[in-house]
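Notes for the one structure printed next.
Here is how names work: the chains are called A, B, and so on, in the same order as the sequence lines, proteins then strands, and each is numbered from 1. None of the values given here were measured: they were computed from a predicted structure.
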2 protein chains.
Amino acid sequence: MTKLSFRQKVHLAREDAIVSTVKRLLAEKGFDLMTVDEVAAEVGIAKASLYKHFPSKEALAAAAMVQTMGLALQQVQAAQAVPGASALDKLRAITRWTLQTQLAGEMPTLPSENSTLRNALIADKAYMDGLMQLSDELGAWIVQAQADGALNRALPPEAILYTLFARACDPVLGFLKLGGQYGDAQIVDIVMSTCFDGLAARA
Amino acid sequence: MTKLSFRQKVHLAREDAIVSTVKRLLAEKGFDLMTVDEVAAEVGIAKASLYKHFPSKEALAAAAMVQTMGLALQQVQAAQAVPGASALDKLRAITRWTLQTQLAGEMPTLPSENSTLRNALIADKAYMDGLMQLSDELGAWIVQAQADGALNRALPPEAILYTLFARACDPVLGFLKLGGQYGDAQIVDIVMSTCFDGLAARA
DNA sequence: GTCTATAAGAGGATAGAC
DNA sequence: GTCTATCCTCTTATAGAC
């Protein structure tokens, strides 16, 4: 751990403020509708200054995703530390966190179609590293949970992994919230149930 | 049924060609990344001519969605006509069609964030009518399936409805396809299983 | 590194001839 | 209703002073 000068600390603090704003705006409007002007305005600096910190809009989005994956990895560590928790318990815990975060408007989401963004992300080492690490950790839990007989063994582990990742942008949360009939906790419980138990009745 | 002049038939045929193109482009790139120039180029007419048929980009998207909902309603009728099919069977059939259509790149999808689009759709009578009719038909099946004990009674019917609608834009299909490890039929089966049976093992 | 000002270009929409 | 040409706004990105 290198000691940081005051200058460097201020620099990092500002970048953190930028990334937090980007995360929120990405969650609110998505990548295409988020404008760099808007980010600069909300952070309270000029757009040109923003471009001194991040070279492009894509880099902004990547930084937001990296920070979010860092939070997810913290949740993974936290789940790992719970004594006596099964692999399924851990997967449920991280999924619940994902749903809560999205419902709170703090889960940045990226369009799967935008190719310029996609290429930028694939080229971003920090992003790819985070994604790989998260996939590895969750993948191990999935295989374990299948061995435990807790998750459906007929499903390919990667299909389960993708299904869990997809909870980060599940539109059902927003629909239920819009209805106004359920509280956040209830909504999360409902989606947890549809995800793990399915729509069909259990015997 | 009024008789149509040759002129009117040509007019309708052209509008149908436009809508088909829009549907495909919406499925490929989404609303924000689809450009009107592109639509005009693919249809093979000038952009200004396009605007004689549809007054705005939002109207184009709405027309595409209306046509797609029409197809969905046809599927509903087809499922209705199957003798001896339970409510669950019918819901599974329409869900399967949705997944197949999306996987084939023919399911136009709309961003939930874009407010200008959202307002245009809400103001579009044909769109709202189709949506209502589809919701009513599926809603009736859902209630019936719950009464049959085939669908989880603890879930609010609207949550089930939203979950089924959300299959139209489920990113898991694309992820699995990208992996290249599974054929379309297998992918549909996998997602059908996660949707109705859930990720957890069944006893 | 922060600012103001502006370049550069994409994209939605329209004018006006035919 | 179709075309060409154009308008106008929005948005990303940069130049250059301080």
- Query: By a strict heavy-atom criterion of less than 4.0 Å, which residues belonging to residues 46-56 of chain A are in contact with DNA chain C?
  - Reply: A:Ala46, A:Ala48, A:Ser49, A:Lys52, A:His53

- Message: Test side-chain contact (heavy atoms from CB on, under 4.5 Å) on B:Arg96 and B:Gln100; report intermediate values, then the result.
- Response: CA-CA 6 Å; B:Arg96 186 173 286 277; B:Gln100 286 167 339; 3.8 Å; yes

- For residues 58-69 of chain B, which residue pairs qualify under side chain to side chain donor-acceptor pair (under 3.5 Å), counting only residues two or more places apart or in two chains? B:Asp16-B:Gln67, B:Lys23-B:Gln67, B:Glu58-B:Thr116

- Query: Nearest heavy-atom pair of A:Leu25 and A:Glu42: which atoms, and what distance?
  - Reply: CD2-OE2, 4.0 Å

- Message: Can you pull out the residues from residues 18-35 of chain B that lie within a 4.0 Å heavy-atom distance of DNA chain C?
- Response: B:Met34, B:Thr35

- Task: Using a 4.5 Å cut-off on heavy atoms from C-beta on, say whether the side chain of A:Phe175 contacts that of B:Ser112.
- Result: no

- Checking B:Lys57 against B:Phe31: charged group under 6.0 Å from the ring centre and within 45 degrees of the axis? yes

- Using the test side-chain contact (heavy atoms from CB on, under 4.5 Å), find all partners of A:Ala59 that sit at least two apart in sequence or belong to another chain. A:Phe54, A:Pro55, A:Ser56

- State, yes or no, whether a side-chain contact exists between A:Leu134 and A:Leu73 at a heavy-atom distance under 4.5 Å. yes

- May I ask you to check whether over 12 heavy atoms, not counting those of B:Arg202, lie within 6.0 Å of atom CZ? yes

- For A:Lys90, what residues pass the salt bridge (charged side-chain N to carboxylate O under 4.0 Å, His left out) criterion, not counting sequence neighbours? none

- Message: Quick one about B:Asp129 and B:Gln133 (side-chain donor to acceptor, distance below 3.5 Å, no hydrogens or angles considered), yes or no?
- Response: no

- Message: Need two values: the first and the last nucleotide of DNA chain D, 5' to 3', having an atom under 4.0 Å from any heavy-atom of chain B.
- Response: D:dG1 to D:dT4

